[in-house]
Amino acid sequence: MARAVKQTAKKAAKGEARRPVRPLRWLLRLAFRSALVLAALLVFVVFAYRVIDPPVTWYMWAEGQRLGARVEHEWVDAEDVAPVMLRSVVAAEDANFCNHWGFDMVAIRKAIEEGGNRGASTISQQVVKNAYLWQGRNWTRKALEALITPLVEAIWSKRRILEVYLNVAEFDEGVFGVDAAARHYFGVAPADLSATQAARLAAILPDPKDRSASRPSNYVTRRAGAIRDGAATIARDGRAACFEGG
């Protein structure tokens, strides 16, 4: 009886040893587990910046290295920024900010119709690029941006998205964030920005190294005027409701 049991055990062991290895199944299992780990990591880092202010971004660090000096940057909460500044950047960069979930499909369709000669990135996409990723137009960054943007929209409030945007945006060479920009250009705290000053700061955002808010060109002056009008319009028609208030 004991011998029969031993023989049965040996046959079972041999069967286990001869079981074919299935590399495809192993790779799929590994890929699935890796995807779960990546997803968990993404959710964690997005949750983290919902309550933790980003200390520095990759681009800020790179600019500091390039300039050989520490960049100008000081975090400021949204309640300590003039409300007209928040409205101005929305009017300038993403007028439908309160109405989309991270991607402005209307702007994307227009960009496609015009052959890609106009930008379609929302403030939410720019926040993801600036806070988590790197500059450039390669497909890897764009894919990660497209993956993270809906998470940010789902986890952060619109006011938080705008707050982070204002604190990580570049306003001049080595000048990052609205606090440093307000003091650099006008010598005032961000809470004391006037409508004209706020509009000028918003007007230089697409090209901060070649435009000045304190010494505006004719183009910046015209654009700032349009932004000031746009900021007043979104205040009246309710498109500022998602980020104004506490």
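Counting begins at 1 with the first residue of the sequence. In this text, all values refer to a predicted model and were calculated from it rather than measured experimentally.
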- Query: Are Y185 and F171 near enough that their ring centres are under 6.0 Å apart?
  - Reply: no
- Taking the six-membered ring for Trp, are W61 and Y59 ring centroids under 6.0 Å apart? no
How far apart are the closest heavy atoms of [X] and [Y], and which atoms are they?
X	Y	value
G230	A91	C-CB, 3.7 Å
A182	A189	CB-C, 4.2 Å
C242	F97	SG-CD2, 4.1 Å
D172	E170	O-CG, 3.4 Å
V164	P54	CG1-CG, 4.2 Å
I123	V89	CD1-O, 4.0 Å

ILVMFWY cluster, [X] and [Y] together (side-chain gap under 4.5 Å):
X	Y	answer
V51	I148	no
L41	V152	yes
I227	F186	no
I155	I52	no
V76	V84	no

Below 4.5 Å, heavy atoms only, C-beta onward: do [X] and [Y] meet side chain to side chain?
X	Y	value
V178	L193	yes
Q126	D94	no
I204	D207	no
V168	V127	no
P216	R211	no
Q125	F103	yes
I161	S124	yes
Y132	V46	yes

Rounded to the nearest 0.5 Å, how far apart are [atom1] of [X] and [atom2] of [Y]?
X	Y	atom1	atom2	answer
L144	L133	CG	CG	5.5 Å
I234	D229	CD1	CG	12.0 Å
E63	F176	CD	CZ	5.0 Å
L201	T196	CG	OG1	11.0 Å
W75	L166	CH2	CG	9.0 Å
S214	H184	OG	NE2	6.5 Å

- Does E244 pair with R159 as a salt bridge, N-O distance under 4.0 Å? no
- Salt bridge check: are R160 and D53 linked by an N-O gap of less than 4.0 Å? yes
With no hydrogens and no angle check, is any side-chain donor or acceptor of [X] less than 3.5 Å from a backbone partner on [Y]?
X	Y	value
D237	R239	yes
T122	G102	yes
N138	R141	yes
H73	N167	yes
E163	A78	yes

Less than 3.5 Å apart, which donor and acceptor atoms pair up between the side chains of residues 218-226 and the rest of the protein, not counting sequence neighbours?
from: T221; atom 1: OG1; to: S217; atom 2: O; distance (Å): 3.0
from: R223; atom 1: NH2; to: A92; atom 2: O; distance (Å): 3.4

- Message: Tell me if the CH2 atom of W134 is crowded by more than 12 foreign heavy atoms within 6.0 Å.
- Response: yes
- Query: Are L205 and Y165 close enough, and set up right, to give a side chain to side chain contact (heavy atoms under 4.5 Å, CB included), and what steps lead you there?
  - Reply: CA-CA 11 Å; L205 279 171; Y165 175 78; 3.5 Å; yes
- Going by atom types only, do N130 and Q135 share a side-chain donor-acceptor pair under 3.5 Å? yes
